[in-house]
Amino acid sequence: MIADQAPPDLVAARGRLRELFGYDDFRGHQADVVARVLAGRSTLAVMPTGAGKSLTYQLPATMMAGTCVVVSPLIALMHDQLRSARANGIRAATLTSQDSDWRETQDAFRRAELDLLYVAPERASQPAFRDFLSAAPLCLFAVDEAHCVSEWGHDFRPDYRQLRPLMDAFAGVPRLALTATADARTREDVRAQLGIPADGMVLAGFDRPNIRYTLHHRDNPVRQISDLMRAAPGAGIVYVPTRRKAEELAVKLEQATGRVVRPYHAGLEPETRAANQSAFVSSEDMVVVATVAFGMGIDKPDVRFVAHAGVPKSIESYYQETGRAGRDGDPAQAVMLWGAGDFAQARQRLSEVPEDRRGGERARLDALAALVETPGCRRAVLLRHFGEDPPQKCGNCDNCLEAPGVIDATETARKLLSAVFRTGQSFGMGHLQKVLTGAEDDRVRQRGHDRLSVFGIVDGEEARLLQPLARVLQARGALIANEHGGLALGGDARAILKGEAPVVIAVPPKQGKGRRRSDSAPNPVGDPLFDALRELRRELAIEAQVPPYVVFHDATLREMAATRPSSLTELGRIAGVGTRKLEAYGDRFLTVIRQH
């Protein structure tokens, strides 16, 4: 919508956007959401990570009478957003168990001196907090990470279910629910649980085109992730399934690369965990190796890669975790290293899930297997899962950039599954390979498996397909591993044996040595002015005790280096330089520019 066609409120909002955030116009669907908020209409906004969800309540809160109450799931996330809001001149405060200034915050709220008040759902659901909010006018309830309200979501939190009575007690105050990860069923549940009307949905899409998706079979994770770290020199997150692996891999990666690498998991001493998180948020090139306990509380925009050293819980989890890369819009990478055992363990754990949720969890796992197995576009699989109709190719995933060979392996799959059945569904892949290839082996003879019809029916090129084929069959659930490593039939195995279900596998191209720095880091290399601007930013961040990105994003520094503004007026025209930051930092940045 162009400015002269916009409603008056949106025209004013664009002026406020320039003043506070230094941007001339909204991105994507931000304008749609802001317009609804300013009109007092309750909204569920589903916007991809990095699309600027927080702006859709921060900006209106500075234009409306009263305080916007923001419900956010983690204290660390609230404090990150608090720093950024205050740096832009927004009157914001948090009311958490870690805040020693809670009396001052409560007094400021009562005096109507706050634009934003951040609280956790546990506090927001208490009757005493409802009474407290009655002491001053409110303009909006903003519920961040709103998928947590749904039992169908991948990150359900019961306290989110208690928010409806609070908001209903202030019936005239609009509500804004925000999430990046919610399929159709979850979206409808969130809308119903939070009392948002059917016409209140703003679905902005799920595509993150700046993220390159790559999936490899895991063979040597230390080498594979070290190669990634060398190709992507900025900050990164590596997700691992256990606490022990977080600590072990952090040590090995630091030794292999010379980079600063720290672990993060719930078992660390609280002081160590907090120190590692703080160091990562403030760093421009640190890597953290973490369990899934890490991430939701991190609003760091300049993460250049997210790697999974194992299979995530679901596509929703994968999308949310990889979405922590490239929030600043610059190129970023998402790399998953997977093994057949990951899927085997995940399918075994389905028995621990309550029966009424087991079908949904199995469907999520099958969707993740489809992402791993596909010889086609990874992004298309992701987006179709969330109900979109994407192009056949995205041009920015491993399969689009270097298409794998595709083999119809149905007959070989039938041979392998037949061997599993005829040997009693209790032997591992090593034994099955020996049977199928007719190997001279004492254990095979002792079991009488050399007399089976499947003995020696695979040789040559076909034999080399057995291992990748077994991984694909385990990923899709046609082969199920027991606790001793033996393989049994499952899923659509019988349909495959009957010739009713095809098995097509991708043969990936040989992996190169990693992408050049310029592919994943758009910042100029060897530019003295850009390097000097980054150094000044680092000094200012230390002085203000905030992360460097709170001062300015890399994109703003790049534009400064490219245009070399000579006055405060020219500097103020650069995207990302709002009035508050121009006053606070403008002269010092101009001095550096003039010196180079």
Side-chain angles (χ1 to χ4, degrees), residues 211-232 236-257 261 263 265 287-292 305-315 317-319 321-322 325 333-349 365-375 378 381-382 397-399 402 404 428-430 433 464-477 479-481 485 487 505-515:
I211 296 179
R212 178 169 295 181
Y213 297 101
T214 302
L215 283 76
H216 294 305
H217 176 248
R218 185 176 64 248
D219 52 37
N220 184 332
V222 174
R223 175 187 58 77
Q224 290 170 297
I225 296 173
S226 294
D227 287 346
L228 171 63
M229 289 171 62
R230 294 185 186 99
I237 303 172
V238 180
Y239 284 108
V240 292
T242 67
R243 299 174 180 182
R244 180 176 62 83
K245 289 184 178 179
E247 298 195 16
E248 291 177 352
L249 188 56
V251 171
K252 291 177 180 178
L253 290 176
E254 186 165 273
Q255 291 172 343
T257 65
V261 185
H265 59 74
V287 174
V288 65
V289 183
T291 60
V292 293
F305 72 85
V306 170
H308 284 80
V311 169
K313 185 172 68 174
S314 65
I315 277 196
S317 297
Y318 176 69
Y319 178 82
E321 288 153 17
T322 57
Q333 298 186 65
V335 175
M336 185 200 298
L337 306 177
W338 68 280
D342 300 339
F343 285 95
Q345 293 173 10
R347 293 191 187 280
Q348 288 173 353
R349 286 195 295 268
L365 191 55
D366 289 343
L368 193 58
L371 176 67
V372 166
E373 293 176 42
T374 183
R378 310 279 191 191
V381 173
L382 274 174
C397 73
D398 54 343
N399 284 350
E402 197 170 359
M429 194 57 201
Q433 281 182 292
R464 283 188 278 275
L465 287 179
L466 290 174
Q467 280 288 356
L469 178 60
R471 290 195 293 266
V472 167
L473 291 175
Q474 287 187 72
R476 71 192 276 175
L479 281 178
I480 300 174
L487 294 173
I505 66 172
V507 181
K510 292 181 180 179
Q511 295 179 26
K513 295 182 179 180
R515 299 192 289 122

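When all heavy atoms are compared, the tightest approach of Ala367 to Ile315 is O-CD1, 3.4 Å. Of all non-hydrogen atoms in Leu466 and Met429, the two that sit nearest each other are O-CE, 3.6 Å. Of all the heavy atoms in Thr322 and Ala334, the pair that sits closest is CG2-CB, 3.7 Å. In this structure, Ala250 and Val289 approach most closely via the heavy-atom pair CA-CG2, 3.9 Å.
Of the possible donor and acceptor atoms, one in the side chain of Arg218 sits under 3.5 Å from a partner among the backbone N and O of Ala309. Panel note: side chain Gln224, backbone Asn220; a donor-acceptor pair is recorded below 3.5 Å.
A distance of 10.5 Å separates OG1 in Thr291 from CD in Glu247, rounded to the nearest 0.5 Å. A distance of 13.0 Å separates OG1 of Thr374 from CD1 of Ile505, quoted to the nearest 0.5 Å.
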Open item on the list: Run Met336 and Val372 through side chain to side chain contact (heavy atoms under 4.5 Å, CB included) and show every step you take.
Closed with: CA-CA 9 Å; Met336 185 200 298; Val372 166; 4.1 Å; yes

- [ ] For Ser226 and Leu253, run side chain to side chain contact (heavy atoms under 4.5 Å, CB included): C-alpha distance rounded to whole Å, both residues' side-chain angles, the deciding distance at 0.1 Å, then the answer.
- [x] CA-CA 6 Å; Ser226 294; Leu253 290 176; 3.6 Å; yes

Task: Derivation of the side chain to side chain contact (heavy atoms under 4.5 Å, CB included) call for Ile225 and Leu249 - done: CA-CA 10 Å; Ile225 296 173; Leu249 188 56; 4.0 Å; yes

- [ ] Could you go through the side chain to side chain contact (heavy atoms under 4.5 Å, CB included) check for Arg378 and Leu371 one step at a time?
- [x] CA-CA 6 Å; Arg378 310 279 191 191; Leu371 176 67; 4.1 Å; yes

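For the pair Gln474 and Leu487, the minimum side-chain heavy-atom distance is below 4.5 Å. Two residues are said to be in side-chain contact when any heavy atoms from C-beta on lie closer than 4.5 Å; His217 and Pro468 fail this criterion. Side chains of Phe305 and Met229 form a contact here, defined as non-hydrogen atoms less than 4.5 Å apart.
The pair Glu248-Arg244 counts as a salt bridge, with a side-chain nitrogen and a carboxylate oxygen less than 4.0 angstrom apart.
Between Trp338 and Phe343, the ring-plane angle classifies as perpendicular under the 30° and 60° cut-offs.
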